[in-house]
Structures are given as C-alpha cells and as structure tokens.
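Structure first, then comments.
Numbering starts at 1 and runs along the sequence shown. Side chains are part of it too, since the values below use all heavy atoms of this structure and drop only hydrogens, waters and symmetry mates. First listed ligand is number 1; within each ligand, the first listed atom is number 1.
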Amino acid sequence: MNRLSNIKTRLTELGQEHLLRFYDELDDKGKDNLLSQLEGLDYSVLDIDGSELPRGKFEPLGAMTTEQINADRERLTEIGLDAIRQGKVGAVLLAGGQGSRLGFDKPKGMFNIGVDRQLYIFECLINNLLDVVKQAGAFVPLFVMTSRLNDKDTREFFESHDYFGYDKNYIDFFVQEQLPAVDVDGRLLLSAKDTVACAPNGNGGWYISMRKSGIFHRIKHSKKLEWLNVFAVDNVLQKMADPCFIGAVIDSRRTCGAKVVSKASPDEKVGVLCLEDGRPSIVEYYEMTEEMRTRLDKDGRLAYNYGVILNYLFSIKELDKAFDISLPVHRAFKQVNYIDDSGELVRPETPNAFKFETLVLDMIKLQKSCLAFEVVREQEFAPVKNKTGIDSVDSARELLRKNGIKI
Ligand code: UTP
C-alpha cells in the first residue's frame, strides 16, 4: 500500500495520475509490473519542450572527394583490409528503430525489398558485409542493436535464416534503452493497462547500451578491436566496414570518419558535416541560414556540401575517454500506440505523441577530428524511410536494380 501511495503522490505532483486509472482492475502481477515501471521511469522527458540547444559558430568542412579517393584507392583499401585482417574493425548495426514512416510492424530489417524473389533488408546488408569478408579473408565482428520491442523478432529472424551465411560466432545482439512517450498535452501514455508506453531512445543510445550490455567492456579488454563502424539498417546500399573508408580514416590520423554524399541541391533536407566552434559537427538543414545553404567555395561547389548518410567510423580508444557522455535528448513527433480511457488499443495513422531520442550525429561533436569521406550517392545511399515517394521502397528498389542487384 505504501508503495502505491508513494507513486500516487509522485504522479499527482507531476500531473500524471491517469497512469493508475486501470490499477484496481489488475491482478497482482499486473500491479507489480506497473508500479515497478512507474518507480523506474525517467520523468525528465516531461521537461523537454523541444527547444533546440544553442549552437556555436559554424564553418564549412571539406571532404576527401571521390576524385581524391579514386586516385589513392588501392593503397587506402590495403590499409583497411590489413586492419580488418588484424581484427581491428567491428561493425554496429543500428536496428532498434520502429520505422513508423514505413508502417511495417516488424523490425525494418525484416522488410522484403525483393520483387521477383525474397530479399530482406537484413540480407542485403549481410551480403554487402560478406563481400568485405571475402575480400579480407576475415570476419568482421557485427554488433546488432535492437530495442525491447523488436529484439525477439530480430534474433529469431537471423536464426531462422541461418544468419544469411554470416558466421554467427561473429554476431552479438544488444538491446537499447527506452524512454516514455508523451502526448501533445504533456501526458504520459499507457500501451496496456499495466504498461507505460515507451519507445527506443534513439540511435545515439548505441554507445551507452553497448556499455551496459558488457560488450564494450569485453571488446576493450580483448585489446583487438580499435574501430567501430556504426551504420543504419535502412540503407540497402549501405557499404559497411568498407576497407577504403577505414584505410582513409586510419591514414588521415583522424579520430573518426563519416561517409558523406554531395548535396543534390542547396535545399536538400539533410544534415551537413561541418565545423562548430572548431570541432567536427553536423548542422541540420533547418538550422542553416539561406547564406549557409547557398554559399560557394573557391571551386564553385556548395561550401556546406557534404550530407551525412549515417555511416560513421569511431575510434574505440577515443570513445572510451568519454565514458559518461551525455547527449542532448531531442523530441520527435511520431505515431505511438496507446490505450484510450475505455482500455481499447489505438494505433494512430498519423503522429500523435512525442518520442525522445538521442542521436548518433551528436556524438560527432565529441570527437577531436573527423574525416568526411565522399561516396557516390547512387552507389551507396538508398534509404528506405517511406512507403512511396522520396527515400521509399520504390526508390530503393530502383537503386538496387541500377547497381546490378537482382531483386
Ligand atoms: P530513423 O531516425 O529513420 O528512425 O532511424 P526509425 O525509427 O527507423 O524510423 P521512423 O522515423 O519511425 O520512420 C535511423 C536509423 O537509426 C536506427 C534505425 O533502426 C535506423 O537504422 N534507430 C532509430 C535505432 O537503432 N534506435 C532508435 O531508437 C531509433
């Protein structure tokens, strides 16, 4: 009783007492579930109002261009392959997202992007990684981040497809944390009578979750891995553990690298790699002034030209120095399932609530230096965000075909 009254008092102070409206209907297990969750919940999200943090002084950051890369490709690739063979490179697949825009209720990697045959997104990625494994003659340890909502499905899917030909001894799964979601009136939601609606805490959660899972400790103490290539699940042309990229970052002696593509137009809605107060950083498209969007460099290219594609290489040693990194928490307006006052589950068709997310791009600011490594968009960037239109299943299929991949 004491436990309940403590929580009641707390929720009343926070204006969230509605979370207990089904409490009396629950059996003992349900009551315990709900109380435990309410006791451990991160209520700090209630203070996040969506105002963005003040930013510093932005300056353009040049990239290693495709011309420069091609001129030195063989040497850089050898450096990367050597690092892979020595077991210095691991890959982190960010697969904890909910893919709400795609409207697919399974993990996005389980989506069949094939047309005449089955070709799952996970399969595409593993195929690309296997190309590197063949080239290097060595496996790249792969760490797959899932969320509590999709962990079971993801593991079972890999298992039932025999890890798409990858050696399962080189694959580890870990689960990211979650944060409660809040509706437009600032009320926390229930996803069941005994469960507060929570969502994965954003792709920036990978580092802390990897630490909490013990994996980071293990790889640090194995003293083998030196680099982690972090990448998104939803780019079907994603080239991870790309030897040339790895070689270029090692050769440049920077502490991190980011694959980038030239912007399609000054107004393209993409985050751009730049400098902020002298450190590498990413400026979001909506943070750029008209002058920044259209400024040209001495060669007549856009000065803020290089859009990020969520494929980064981090030095493990550098990451480890920032043990307790705290990233800003952003609000994202998305669809969140909830139960209404009659206890019925509602699956909204349009965004109805705020999720709270940390972003991997905010980790770039914590790095001393970053190599922007330009890749050809049509060869390496086919995001699957939406059902149709821009960055959709259709556009990704077209790009797969263009790259000679049978679908
Ligand atoms: P997005 O930012 O596109 O989010 O993810 P999403 O949840 O997949 O899709 P929408 O916005 O709901 O439609 C970019 C990458 O970050 C991963 C995704 O799996 C994808 O690889 N991600 C995102 C996570 O791993 N965890 C998260 O909490 C969010």
Quick one: look up the protein heavy atom nearest [atom] and list residue, atom name and how far away it is.
| atom | answer |
| --- | --- |
| atom 12 (O) of ligand 1 | S100 OG, 2.6 Å |
| atom 24 (C) of ligand 1 | G97 N, 3.2 Å |
| atom 16 (O) of ligand 1 | N203 ND2, 3.3 Å |
| atom 25 (O) of ligand 1 | G96 N, 2.8 Å |

Less than 3.5 Å between some nitrogen or oxygen of [X] and one of ligand 1, yes or no?
| X | result |
| --- | --- |
| Q98 | yes |
| G99 | yes |
| R101 | yes |

Inset, instruction - For side chain to side chain donor-acceptor pair (under 3.5 Å), just list the numbers for S392 and D394, CA-CA rounded to whole Å, side-chain angles, deciding distance to a tenth of an Å, and then say yes or no. - result: CA-CA 5 Å; S392 67; D394 297 339; 4.5 Å; no

Legend entry - Non-neighbouring partners of K365 that pass salt bridge (charged side-chain N to carboxylate O under 4.0 Å, His left out), sequence neighbours left out: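 K365 satisfies salt bridge (charged side-chain N to carboxylate O under 4.0 Å, His left out) with E276 once adjacent residues are dropped.
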
Legend entry - Qualifying side-chain hydrogen bond (donor to acceptor under 3.5 Å, both in side chains) pairs, either residue in residues 179-195, two or more places apart: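 Qualifying pairs: E25-K193, N33-D194.
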
Inset, instruction - Out of Q178, K385, E177, K334, indicate the one that has the non-hydrogen atom closest to atom 4 (O) of ligand 1. - result: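 Comparing heavy atoms across Q178, K385, E177, K334, the nearest one to atom 4 (O) of ligand 1 lies in K334.
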
Inset, instruction - Measure from atom 18 (C) of ligand 1 to every heavy atom in L94, V360, L93, V144 and give the option owning the shortest one. - result: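 Nearest heavy atom to atom 18 (C) of ligand 1 lies in L94.
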
Mind checking whether [X] and [Y] have parallel, tilted or perpendicular rings, split at 30° and 60°?
| X | Y | result |
| --- | --- | --- |
| F245 | F373 | tilted |
| Y166 | F139 | perpendicular |
| F173 | F158 | perpendicular |

Legend entry - Q238 side-chain N/O to A232 backbone N/O, donor-acceptor pair under 3.5 Å: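 Answer holds: yes.
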
Inset, instruction - Taking only Lys NZ, Arg NE, NH1 and NH2, and the carboxylate oxygens of Asp or Glu, determine whether K212 and E177 approach each other closer than 4.0 Å. - result: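 So K212 pairs with E177 through a salt bridge.
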
Sub-4.0 Å atoms of ligand 1 with respect to non-hydrogen atoms of [X]:
| X | result |
| --- | --- |
| G202 | 26 (N), 27 (C), 28 (O), 29 (C) |
| M145 | 25 (O) |
| Q176 | 24 (C), 25 (O), 26 (N), 27 (C), 28 (O) |
| A232 | 15 (C), 21 (O) |

Legend entry - Pi-cation contact, Y23 with K31 (under 6.0 Å, within 45°):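 Verdict for Y23: a cation-pi partner in K31.
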
Inset, instruction - Please state which part of P200 comes within less than 4.0 Å of ligand 1, counting heavy atoms only: side chain, backbone, both or neither. - result: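 The answer is both.
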
